[in-house]
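See structure below.
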Amino acid sequence: MRATRTSPTGVERTLGDDEMMVTKTDPRGVITYANDAFLHMSALDEADAVGQPHNVIRHPDMPRAIFKLLWDTLKDRQEVFAYVVNLASDGAHYWVLAHVTPSYDSSGRLVGYHSSRRRPDPAAVGAISSTYADLCAEEQRHSSSPAALEASWQRFQQMLGERGQTYDEFVWSLTNGDPR
């Protein structure tokens, strides 16, 4: 893990149209493989990435409720698509549309997770940014991490309910250019 906490610089990095970031982790979320695109975008060397928890790139503007959704979905043996903002080790940030799937061995035992990420549409990032800012603001109203997560999760469920959508439907509406 990084010796010191990196602060966001406001510098944004973007994936190329034909680039795909790929990582694999063990069942605890520790990185076991990272492709060159991931290493470049995260400003990490392979030795600094492999063996570290995947949250080494967690951006402080990424709401906890989205990670709860991700882990709950994976626990149910389902894949998840999510918009994510990450923090590179040099303080730059980058947005991705992530597709995370559980990986199993031939006997059906969970062996880890596979994540492929691509460049999101800028309009989708604009729409999801305001949603995530709302969730982070809700988290900041609470002094304990459990209370912050619970409040953010409840706000997230309320927002989806108001939209009449699941998170998957929300993601795909943004991906298909329908931010309603």
Side-chain angles (χ1 to χ4, degrees), residues 1-75 77-105 110-133 136 167-168 170-177 179:
M1 195 181 291
R2 288 180 246 170
T4 59
R5 181 75 179 132
T6 302
S7 295
T9 61
V11 173
E12 184 170 8
R13 203 172 272 142
T14 57
L15 272 170
D17 289 336
D18 297 329
E19 287 185 289
M20 178 78 64
M21 295 172 55
V22 177
T23 52
K24 295 179 184 180
T25 71
D26 69 10
R28 296 174 300 132
V30 173
I31 299 170
T32 59
Y33 168 80
N35 76 346
D36 288 340
F38 175 86
L39 297 173
H40 169 73
M41 293 295 289
S42 65
L44 291 168
D45 293 328
E46 185 175 17
D48 294 327
V50 174
Q52 297 304 314
H54 209 287
N55 68 5
V56 70
I57 58 170
R58 183 164 189 250
H59 195 288
D61 292 342
M62 193 62 205
R64 294 176 179 148
I66 303 305
F67 290 114
K68 175 180 173 20
L69 171 87
L70 180 129
W71 285 110
D72 287 354
T73 303
L74 293 172
K75 182 180 169 190
R77 302 176 68 99
Q78 302 294 313
E79 67 184 347
V80 64
F81 289 87
Y83 285 98
V84 178
V85 61
N86 289 316
L87 181 64
S89 67
D90 61 3
H93 69 278
Y94 56 95
W95 280 92
V96 294
L97 175 57
H99 176 221
V100 186
T101 60
S103 300
Y104 302 97
D105 66 13
L110 177 71
V111 295
Y113 303 98
H114 180 275
S115 180
S116 300
R117 290 160 317 268
R118 64 184 175 98
R119 179 179 170 178
D121 181 88
V125 169
I128 202 74
S129 293
S130 63
T131 299
Y132 286 3
C136 286
Y167 182 73
D168 284 343
F170 180 43
V171 165
W172 289 115
S173 71
L174 295 176
T175 303
N176 294 319

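All values below were derived from every heavy atom in this structure, side-chain atoms included, with hydrogens, water molecules and symmetry-related copies excluded. Residue numbers start at 1 and run along the sequence shown.
Checking Ser115 against Arg117 by side-chain atom types alone, a donor-acceptor pair falls below 3.5 Å. Using a 3.5 Å distance cut-off with no hydrogens or angles, the side chains of Thr175 and Tyr83 do pair a donor with an acceptor.
Between Arg119 and Asp18 there is no salt bridge, since no side-chain N of the basic residue sits under 4.0 Å from a carboxylate O of the acidic one.
Between Tyr113 and Trp71, the ring center distance clears the sub-6.0 Å criterion.
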- Message: Is there a ring-ring contact (aromatic ring centres under 6.0 Å, His included) between Phe38 and His54? Walk through the geometry before answering.
- Response: CA-CA 11 Å; Phe38 175 86; His54 209 287; 5.8 Å; yes
- Chi angles and distances behind the side chain to side chain contact (heavy atoms under 4.5 Å, CB included) call for Val84, Trp95: CA-CA 6 Å; Val84 178; Trp95 280 92; 5.8 Å; no
- Can you list the steps and then say if Val100 with Leu74 is a side chain to side chain contact (heavy atoms under 4.5 Å, CB included)? CA-CA 8 Å; Val100 186; Leu74 293 172; 3.8 Å; yes
- Message: Pair Glu79, His99 - check side chain to side chain contact (heavy atoms under 4.5 Å, CB included), show working.
- Response: CA-CA 7 Å; Glu79 67 184 347; His99 176 221; 2.6 Å; yes
- Task: Check step by step if side chain to side chain contact (heavy atoms under 4.5 Å, CB included) holds for Thr32 and Lys24.
- Result: CA-CA 6 Å; Thr32 59; Lys24 295 179 184 180; 3.6 Å; yes
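Note: Thr6 OG1 to Arg58 CZ = 14.0 Å, rounded to the nearest 0.5 Å. Summarising the geometry, atom CD1 belonging to Ile57 is positioned 9.0 Å from atom CG belonging to Leu87; distances are rounded to the nearest 0.5 Å. Distance CD/Glu46 to CG/Asn35: 10.0 Å, rounded to 0.5 Å.
In this structure, Arg77 is positioned above the aromatic face of Tyr104, its NZ or CZ under 6.0 Å from the six-membered ring centre and within 45° of the axis.
In this structure, the side chains of Ser42 and Ser89 stay at 4.5 Å or more apart for every pair of heavy atoms. In this structure, the side chains of Tyr132 and Met62 come closer than 4.5 Å at one or more pairs of heavy atoms. At least one side-chain heavy atom of Asn86 sits less than 4.5 Å from a side-chain heavy atom of Val96.
Under a 3.5 Å cut-off, the side chain of Asp45 and the backbone N or O of Asp48 do not form any donor-acceptor pair. A distance-only check finds a donor-acceptor pair linking the side chain of Asn176 to the backbone of Trp172 [under 3.5 Å].
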